[in-house]
Novice: 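Let me begin by handing over the structure; questions about it come next.
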Amino acid sequence: MTEKVNEKKKFILATTSLAGCFGCHMSLLDIDERILQLVEVVQFDKSPFDDIKEFSQPCDIGLVEGGCCNSENVRILREFRKHCKILISVGQCAITGGLPAMRNGIRIQELLEGSFFDGPTVSNKLIPNDEELPMLLDRVYPCHEIVKIDGYLPGCPPRADLLWEALNLLMAGKSLNELSTKNIRYD
């Protein structure tokens, strides 16, 4: 009779970057050697870390960086909400719209003309019009204005220790309300 290996179930984690700079993902990598501990208990599903483009299973935790500035961002965010039991907004862009939201209050036509007609390196003065390009939204929306968000990890980017602590709390079945204040600060 073959002996059954007692393998511990791994948490399924998905991550994405919407209208942001990828700094929050870099901050997650900044957990340094703790990444080896993380991969012992976590399996990445849809994430730039493993280059999986589509969800292959329901996920325990989803981390979303960036706000929504176009129709593709909204589609991806809704897909994450559908597939993730817990969905966390990571960083100021996901929480408030961040730097990309500096365009809020400027008409889309004015944005496009400024970029494609008046830019210093513009030569053909043509606004791209291809069905493959996602439609710009009237403004940059924080994630919680599009879908229900279960928690927030502030910062630009959030500190690596905050991401580490948050993931450990969530995997222990605890709330992000139990985060220590030492990791939620700006310095």
Side-chain angles (χ1 to χ4, degrees), residues 11 13-35 37-39 42 44-51 59-81 83-106 108 110-111 114-115 119 134 136-171 174-187:
F11 288 88
L13 178 65
T15 71
T16 193
S17 183
L18 305 175
C21 69
F22 220 81
C24 298
H25 277 82
M26 294 292 97
S27 193
L28 183 57
L29 292 176
D30 281 345
I31 65 174
D32 299 325
E33 69 278 354
R34 293 175 291 184
I35 196 89
Q37 294 173 335
L38 186 64
V39 297
V42 163
F44 285 94
D45 192 62
K46 181 178 171 35
S47 175
F49 292 137
D50 58 14
D51 203 29
C59 295
D60 298 304
I61 303 167
L63 302 178
V64 178
E65 155 183 5
C68 293
C69 73
N70 62 45
S71 57
E72 180 69 2
N73 294 154
V74 170
R75 184 191 69 74
I76 291 169
L77 182 59
R78 287 180 175 152
E79 185 179 324
F80 262 72
R81 177 71 277 175
H83 288 89
C84 299
K85 293 176 193 165
I86 300 170
L87 190 59
I88 307 296
S89 281
V90 180
Q92 291 314 111
C93 293
I95 295 170
T96 67
L99 287 175
M102 289 178 68
R103 79 157 168 100
N104 291 357
I106 302 172
I108 292 177
E110 188 178 342
L111 289 169
S115 298
L136 286 177
L137 302 177
D138 61 330
R139 67 184 181 93
V140 178
Y141 291 84
C143 294
H144 69 271
E145 290 187 19
I146 306 294
V147 300
K148 179 185 177 290
I149 296 294
D150 302 307
Y152 303 88
L153 298 176
C156 185
R159 299 163 54 96
D161 289 339
L162 174 62
L163 290 165
W164 175 252
E165 182 184 4
L167 286 172
N168 279 288
L169 281 172
L170 293 170
M171 290 186 294
K174 297 181 180 177
S175 165
L176 291 182
N177 293 333
E178 297 183 42
L179 284 169
S180 64
T181 56
K182 71 177 182 175
N183 289 321
I184 303 177
R185 62 188 169 109
Y186 300 92
D187 46 275

Novice: Could you point out which residue of Ile88, Asp60, Leu63 forms a side-chain contact (heavy atoms from CB on, under 4.5 Å) with Leu170?
Specialist: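 For Leu170, the side-chain contact (heavy atoms from CB on, under 4.5 Å) check succeeds only for Ile88.
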
Novice: Using only atom types and a distance under 3.5 Å, with no angle test, would you say the side chain of Arg78 pairs donor to acceptor with the backbone of Val147?
Specialist: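 Flag not set: sc Arg78 to bb Val147 has no pair under 3.5 Å.
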
Novice: Could you report the tightest heavy-atom contact between Gly97 and Pro142, atom names first, then the distance?
Specialist: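 In this case the closest contact between Gly97 and Pro142 is N-CB, 4.1 Å.
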
Novice: Please confirm whether the backbone N or O of Val140 pairs with a side-chain atom of Asn104, one donor and one acceptor, at under 3.5 Å?
Specialist: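 Such a contact is found between Asn104 side chain and Val140 backbone.
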
Novice: Does any non-hydrogen side-chain atom of Val42 lie less than 4.5 Å from one of Met171?
Specialist: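 Touching, per the 4.5 Å side-chain cut-off.
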
Novice: Identify the residue among Glu65, His25, Lys46 that makes a side chain to side chain donor-acceptor pair (under 3.5 Å) with Thr15.
Specialist: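 Result for side chain to side chain donor-acceptor pair (under 3.5 Å) with Thr15: His25.
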
Novice: Of all the heavy-atom pairs spanning Lys85 and Arg81, show the shortest one and how long it is.
Specialist: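 Closest approach of Lys85 to Arg81, heavy atoms only: O-NH2, 3.3 Å.
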
Novice: Who are the side-chain hydrogen bond (donor to acceptor under 3.5 Å, both in side chains) partners of Arg103, not counting sequence neighbours?
Specialist: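 Result, side-chain hydrogen bond (donor to acceptor under 3.5 Å, both in side chains) vs Arg103: none returned.
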
Novice: Please round to the nearest 0.5 Å and tell me the distance separating atom SG of Cys24 and atom CD of Gln92.
Specialist: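 That separation rounds to 8.5 Å.
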
Novice: What's the shortest heavy-atom distance between Phe80 and Val64, and which atoms?
Specialist: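 For Phe80 versus Val64, the nearest heavy atoms are CD2-CG2, 4.2 Å.
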
Novice: Is any side-chain heavy atom of Pro158 closer than 4.5 Å to a side-chain heavy atom of Val90?
Specialist: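 Side chain of Pro158 against side chain of Val90, heavy atoms only: contact under 4.5 Å found.
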
Novice: So, taking the atom named NZ in Lys148 and the one named SG in Cys143, what distance separates them when rounded to the nearest 0.5 Å?
Specialist: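 Answer for the NZ-SG pair, Lys148 versus Cys143, is 13.5 Å.
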
Novice: In Å, rounded to the nearest 0.5 Å, how long is the span from SG of Cys68 to OH of Tyr141?
Specialist: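 So the SG of Cys68 and the OH of Tyr141 are separated by 10.0 Å.
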
Novice: Any side-chain heavy atom of Ser180 sitting closer than 4.5 Å to one from Glu165?
Specialist: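 Side chain of Ser180 against side chain of Glu165, heavy atoms only: contact under 4.5 Å found.
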
Novice: Distance-only, no hydrogens or angles: does the Asp150 side chain make a donor-acceptor pair with backbone N or O of Leu87 under 3.5 Å?
Specialist: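 Yes, the answer is positive, given that a donor and an acceptor are paired below the 3.5 Å cut-off.
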
Novice: I'd like to know if the side chain of Glu178 reaches the main chain of Leu169, judged simply by a donor and an acceptor atom lying under 3.5 Å from each other, with no hydrogens or angles considered.
Specialist: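 The answer is no, because no donor-acceptor pair under 3.5 Å joins these two groups.
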
Novice: Output the distance between atom CD1 (Ile106) and atom CG (Asp138), rounded to the nearest 0.5 Å.
Specialist: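 So the CD1 of Ile106 and the CG of Asp138 are separated by 13.0 Å.
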
Novice: Please name the pair of heavy atoms, one in Leu99 and one in Cys93, separated by the smallest distance, quoted to 0.1 Å.
Specialist: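 Reported closest heavy-atom pair: N-SG, 4.0 Å.
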
Novice: So do the side chains of Asn73 and Leu137 get within less than 4.5 Å of each other, counting heavy atoms only?
Specialist: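 SC-SC contact between Asn73 and Leu137 ruled out.
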
Novice: Could you grab the distance from atom CZ of Phe22 to atom CG of Leu29, nearest 0.5 Å is fine?
Specialist: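 Answer rounded to 0.5 Å: 8.0 Å.
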
Novice: Which pair of non-hydrogen atoms, one from Pro154 and one from Leu162, has the smallest distance, and what is that distance?
Specialist: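 Reported closest heavy-atom pair: O-CD2, 3.6 Å.
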
Novice: Which atom names give the shortest non-hydrogen contact between Leu28 and Phe49, and what distance separates them?
Specialist: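 For Leu28 versus Phe49, the nearest heavy atoms are CD2-CE1, 3.5 Å.
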
Novice: Hey, what do you get for CG (Leu179) to CG (Leu153), rounding to the nearest 0.5 Å?
Specialist: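 Answer for the CG-CG pair, Leu179 versus Leu153, is 6.5 Å.
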
Novice: So Pro100 and Cys69, do their side chains get closer than 4.5 Å, heavy atoms only?
Specialist: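 No - every pair of side-chain heavy atoms lies 4.5 Å or more apart.
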
